[in-house]
Amino acid sequence: MGENILGIKKTVKIGIIDCNNFYVSCERVFNPISVGKPTVVLSNNDGCVIARSQEAKKYGIKMGEPFFSKREFMEQKDFCIYSSNYNLYGDMSDRVMNVIRKYTNTIEVYSIDECFVDFSDTPDDELEDKMNQIRDEVKRQVGIPVSIGVGPNKTLAKLTSYLAKKTISYSGVCSYWSSKEFQKKLLDVKIDEVWGIGRKWSDKLNIYGYDTVGKFIGMDDNIIKKWTNINGLKTKMEILGMYCHPIENKIKQKKVLASTRSFGSDVNSFDQICEAMHYYIERGVKRLTDAHITPSSATIFLSGNRYKDNHHSSVYITFNRQTKDIKEIWSQVYVHLRELYDDEKVYKKCGIIFNKLFPEDIEQINLFEQEFIEIEAPKNEIKMWAMRQDYLSKKYTSSWDEIPVIRF
DNA sequence: TCTGGGGTCCTAGGACCC
DNA sequence: TCTGGGGTCCTAGGACCC
């Protein structure tokens, strides 16, 4: 190997390792009864489907489908249904990544269920062995099945992985260089399947007939730039074999941290909004503390049901100093929340987004620091806003009380 | 009456990702 | 009845400066 279909020399080998149906696979490790049965995992509030087993996909259950519209069908077909259990998934994700780290020094954890790795130093004739080893060891040690695609850049690694999954003979690992036939097939992939081309852009491209990878790379650069932005053009360049998106080996400093939730039911009381907002602040501060960062400003927002009365209001708050103190944050948030809240409206969601995050050892001095008037925290007793989780599995890996017990 | 040009910074909105 | 949450980045436009 060495050249791709367009005659460009290969210089790097980027792998994408992603967990198959990740949330479903996590549930199955601890609930083997679900293996072989159609299985889904639901979003917060048991709102919509966010993960599906192969069996569920065969029944036509779509990603993002509202649960209520398919609930009866799923019960009839004896589906296994789970509320999302992020404690479990986060922990399983760490375990998967740690196994992969034994095989490579260059890894970018791209999301909870996938990572990019650099295989450039692996000789061509050892690559497939190595990919198989990783896949087997993750399965053996963590119990999660993964797929691996490798190509000259991230976009082509993703495309390789996508196409391989659609191919029956595929056994979990696949290389861009495995055959010229394979590379030709990439040109027929629908444009909306390409990493970096989302719904809005693919709609526009489809209207003008640029509906496949092959047609997209034939487009004029300036047109692409005009219809999308610089990243759309980078996507074309990567499909042509250029290397535009390097692997981010270091953990990136977060720029914002959001803590928000939809309510379990509609809310039209200020006291309940306060309870919810205070709770989200507590959760957000916990995550700020874990990440060793401190905010100096935040945006709070209140919004209605986006499928009914789609109202939204927000306010940007600069704290009197950089702070992680819940009382201090609450006292400043409360004043603005009071102003934002409208008695006439019904709310479905609220939250806080912390901005201007600094590492906790760097203190930003504010010359005009003011004292704050402390506002009492709301009493947590109504909880109409609390989210629904009717199908929650246990914290098998992160709570001593819920560790699975094996009986002989 | 006529009303520059170039630069930075900030924000809102909209696209993308999982 | 019931429709997720948490991110990043780009661009346009306004404020402000000289």
Side-chain angles (χ1 to χ4, degrees), chain A residues 16-19 21-23 40-51 62-72 74 81-86 89-90 93 108-116 154-155 158 161-162 191-205 224-235 244-245 248 251-266 280 283-284 287-288 291 293 297 299 301 303-310 312-316 318 346 348-357 387-391:
Chain A
I16 176 77
I17 306 180
D18 67 291
C19 302
N21 313 329
F22 182 55
Y23 298 166
V40 293
V41 174
L42 307 176
S43 64
N44 289 305
N45 275 321
D46 297 339
C48 47
V49 174
I50 53 168
K62 296 198 178 59
M63 185 68 180
E65 190 150 35
F67 176 52
F68 71 85
S69 67
K70 280 287 175 353
R71 179 177 186 158
E72 207 171 319
M74 290 185 193
I81 301 165
Y82 299 99
S83 301
S84 38
N85 183 344
Y86 288 103
Y89 312 148
S93 174
E108 175 186 342
V109 177
Y110 181 64
S111 73
I112 196 166
D113 72 336
E114 64 190 314
C115 61
F116 288 106
K154 287 181 174 175
T155 306
K158 280 273 203 179
S161 171
Y162 164 79
I191 194 65
D192 50 334
E193 301 292 351
V194 174
W195 183 63
I197 307 290
R199 232 200 66 219
K200 294 279 181 181
W201 291 357
S202 67
D203 282 354
K204 196 186 290 183
L205 292 166
I224 291 179
K225 174 99 194 291
K226 204 166 137 192
W227 287 6
T228 64
N229 62 28
I230 189 68
N231 287 326
L233 191 52
K234 280 186 185 174
T235 298
C244 303
H245 299 291
E248 308 283 349
I251 293 171
K252 270 195 269 181
Q253 172 74 56
K254 259 191 220 300
K255 298 192 170 69
V256 300
L257 189 150
S259 180
T260 76
R261 279 274 185 286
S262 298
F263 306 136
S265 50
D266 287 349
Y280 302 152
R283 295 178 71 248
R287 288 165 53 207
L288 290 165
I293 43 180
S297 68
T299 304
F301 71 89
S303 48
N305 186 326
R306 65 190 160 121
Y307 297 94
K308 292 190 235 159
D309 45 346
N310 190 17
H312 183 91
S313 52
S314 66
V315 58
Y316 182 86
T318 302
V346 174
K348 183 63 181 169
K349 184 174 180 177
C350 78
I352 183 160
I353 302 158
F354 294 104
N355 312 304
K356 299 206 169 119
L357 310 177
M387 70 171 170
R388 286 193 308 273
Q389 288 182 298
D390 293 340
Y391 306 90

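Throughout, protein chains are lettered first and strands after them, A, B, ... in sequence-line order, and every chain is numbered starting at 1.
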Legend entry - side chain to side chain contact (heavy atoms under 4.5 Å, CB included) against S202(A), all qualifying residues, sequence neighbours excluded: I191(A), D192(A), I197(A), N206(A)
Legend entry - Atom CD of Q253(A) with >12 non-hydrogen neighbours under 6.0 angstrom: yes
Legend entry - Under the ring pair (Phe, Tyr, Trp, His ring centres under 6.0 Å) test, residues paired with F301(A) that sit two or more places apart: H312(A)
Inset, instruction - Indicate whether OP1 or OP2 belonging to dT3(C) is found under 4.0 Å from a side-chain N or O atom of K348(A). - result: yes
Inset, instruction - Describe the nucleic acid contact of D46(A) in one word from base, sugar-phosphate, nothing, applying a heavy-atom distance below 4.0 Å. - result: nothing
Inset, instruction - List in chain and number order the residues that pass side-chain hydrogen bond (donor to acceptor under 3.5 Å, both in side chains) with Y162(A), two or more places apart in sequence or in another chain; answer none if no residue qualifies. - result: none
Inset, instruction - List in numerical order all residues of residues 191-199 of chain A for which some heavy atom is under 4.0 Å away from an atom belonging to DNA chain B. - result: V194(A), W195(A), G196(A), I197(A), G198(A), R199(A)
Inset, instruction - Dot-bracket notation for DNA chain B is requested: 5' to 3', Watson-Crick or G-U wobble pairs only, both distances under 3.5 Å, with ( ), [ ], | and . as defined. - result: ....||||||||||||||
Legend entry - Protein-nucleotide distance (N310(A), atom CG; dT3(C), atom P), rounded to Å: 13 Å
Inset, instruction - Could you state the atom-to-atom distance from CZ of R71(A) to C1' of dT3(C) in whole Å? - result: 14 Å
Inset, instruction - Applying side chain to side chain contact (heavy atoms under 4.5 Å, CB included), name anything that partners N231(A), two or more places apart in sequence or on another chain. - result: N229(A), K234(A)
Inset, instruction - Find the distance I50(A):CD1 to dT3(C):C1' and express it as a whole number of Å. - result: 13 Å
Inset, instruction - Using the C1' atom on both, measure dC2(B) against dC18(C) and round to a whole Å. - result: 22 Å
Legend entry - Between C1' of dC16(B) and CG of D203(A), the distance in whole Å: 14 Å
Inset, instruction - With sequence neighbours left out, write down each residue that passes side chain to side chain contact (heavy atoms under 4.5 Å, CB included) with F68(A), or none if nothing qualifies. - result: P66(A)
Inset, instruction - Scan nucleotides 5-14 of chain C nucleotide by nucleotide, 5' to 3', and note B when protein non-hydrogen atoms come under 4.0 Å of the base, S if they reach only the sugar-phosphate, - if neither. - result: SSSSSSS---
Inset, instruction - Please confirm whether the backbone N or O of D390(A) pairs with a side-chain atom of D46(A), one donor and one acceptor, at under 3.5 Å? - result: yes
Legend entry - Whole-Å gap separating P (dC17(B)) and CD (E108(A)): 15 Å
Legend entry - Separation of dC17(B) P from I112(A) CD1 (nearest whole Å): 19 Å
Inset, instruction - Output all residues satisfying salt bridge (Lys or Arg N to Asp or Glu O under 4.0 Å) with R71(A), sequence neighbours left out; order by chain, then residue number. - result: E75(A)
Legend entry - Of the listed nucleotides dT3(C), dC16(B), dC18(B), the one nearest the side chain of P66(A): dT3(C)
Inset, instruction - Would you indicate what E65(A) reaches in the nucleic acid, counting non-hydrogen atoms under 4.0 angstrom: base, sugar-phosphate, or nothing? - result: nothing
Legend entry - Touch class at under 4.0 angstrom, heavy-atom based, for Y110(A) against every strand present: sugar-phosphate
Legend entry - With sequence neighbours excluded, residues passing ring pair (Phe, Tyr, Trp, His ring centres under 6.0 Å) with F116(A): Y110(A), W195(A)
Inset, instruction - May I have the distance from D266(A) (atom CG) to dC2(C) (atom P), rounded to whole angstrom? - result: 6 Å
Inset, instruction - Just call it for K158(A): base, sugar-phosphate, or nothing, with non-hydrogen atoms closer than 4.0 Å on any strand. - result: sugar-phosphate
Inset, instruction - Name the nucleic acid region contacted by K204(A), choosing base, sugar-phosphate or nothing; use a 4.0 angstrom heavy-atom cut-off, strictly under. - result: nothing
Inset, instruction - Using the test side chain to side chain contact (heavy atoms under 4.5 Å, CB included), find all partners of C48(A) that sit at least two apart in sequence or belong to another chain. - result: S43(A)
Legend entry - Distance in Å, I352(A) CD1 paired with S259(A) OG, rounded so as to fall on 0.5 Å steps: 8.0 Å
Legend entry - With F67(A) via ring pair (Phe, Tyr, Trp, His ring centres under 6.0 Å) - residues at least two apart: Y391(A)
